[in-house]
Every structure is written in structure tokens, then in C-alpha cells.
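Read through the structure below, which is laid out as C-alpha cells, and then see the notes.
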Amino acid sequence: MSRGEPALRALAMPADANPNGDIFGGWVLAQMDLAGAVPAARRAGGRIATVAVDAMRFHRPVFIGDLVSCYARIVKTGTTSISVLVETYAERRHDGSEVKVTEGTYVYVAIDEEGRPRPIPEGSPPVE
């Protein structure tokens, strides 16, 4: 399976960790949400809102100093919604090895200026 497009890279910092040096899962989820929003907003042609996170799987921890890379790929488009698979990898700071740490499907809805769902425009970029 293709990783999708590189959508976000971030360095895991001490402020994002618990006392054991493991990065909080919530921080990782937030990075993934930002990454998934990149192709979703492009496809929607404007404003979007996250409405669900499905099928999250944590495979390995993220540690302080890891370079976290999120890859995003649209897997489904509905009338107003876009599902994006986000896969996240960590480059370990000590040896440079790369491991898949988590994956999940984020669902976004195209919204108008009042925050109401709106149709995804015709002619939006196709699913990758």
C-alpha cells in the first residue's frame, strides 16, 4: 500500500511526553488530524471539519526526539465527506531507523461559512 502524500513532519519534544519519555497519544492524533486535513481541504475546495476518527491502531511508541512523519491518502469521498487514511512513522533519533507507529482513518466534512455541511464541488481532484 502506498503511504500517500507526505503531509506533515514534526519533531517530538519533551513538552509532548509523559514522565517516561513516551509521547502522548493525543499529540500524535493531533498531528495526524492536521496531516489528514491537507488532502481533505484540497479535495473539498475550502473549509472542512473533522467529524470522526476510525480504526486507530498504535503499533509502537513515539519517543522524545523522534522525527514524526505523517502520510495522508484519500480513500473515500461522499457527497459532503472525505475519508483520509493517515499513516505515521517515526525516525528514531539515536540510529535513524524508521518505524510505523500508528495509522487511522480520519473523516472530514466540507462546511460552509456558517459551519453547515456543503457538497464537495464537481471537478475536485480525483481520489489518489
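T88 pairs with exactly one of V101, V99, V62 by the side-chain contact (heavy atoms from CB on, under 4.5 Å) rule, that one being V101.
Evaluation of the salt bridge (Lys or Arg N to Asp or Glu O under 4.0 Å) test over residues 57-67, restricted to residues two or more places apart or in two chains, returns D66-R92.
Put simply, OG1 on T105 and CZ on R73 are 9.0 Å apart, with the number rounded to the nearest 0.5 Å.
The heavy-atom pair separating I111 from A49 by the smallest distance is CD1-CB, 4.0 Å. For I120 against A110, the heavy-atom pair with the smallest separation is CG1-CB, 4.2 Å. What you find for P39 and A72 is that their closest heavy atoms are CG-CB, 3.7 Å. Listed here is the closest heavy atom pair of A44 and P121: O-CD, 3.2 Å. Residues G36 and V84 approach most closely at O-CG2, 3.7 Å, considering heavy atoms. Here the shortest heavy-atom pairing between A40 and I48 reads CB-CD1, 3.8 Å.
Cluster partners of L8, by chain and number: L34. The rule joins Ile, Leu, Val, Met, Phe, Trp and Tyr whenever side-chain heavy atoms lie under 4.5 Å apart. In the hydrophobic clustering, Y89 connects to Y71, either directly or through intervening members, whenever side-chain heavy atoms lie under 4.5 Å apart.
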Please tabulate, one pair per line, all N/O donor-acceptor pairs under 3.5 Å involving side-chain atoms of residues 17-31, not counting sequence neighbours.
residue	atom	partner	partner atom	Å
N18	OD1	N20	N	2.9
N18	OD1	G21	N	3.2
N18	OD1	D22	N	3.2
W27	NE1	D16	OD1	3.4
W27	NE1	D16	OD2	3.4

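Under the ring pair (Phe, Tyr, Trp, His ring centres under 6.0 Å) criterion, F63 pairs with no residue, sequence neighbours left out. A search for salt bridge (Lys or Arg N to Asp or Glu O under 4.0 Å) contacts involving E114 returns R116, not counting sequence neighbours.
Judged by distance alone, the side chain of R93 and the main-chain N or O of I64 form a donor-acceptor pair under 3.5 Å. Under a 3.5 Å cut-off, the side chain of Y108 and the backbone N or O of A41 do not form any donor-acceptor pair. Checked by atom type and distance alone, the side chain of R118 never pairs as donor or acceptor with a backbone atom of E113 at under 3.5 Å.
Note on I74: it clusters hydrophobically with M56, by side-chain heavy-atom contacts below 4.5 Å among ILVMFWY residues.
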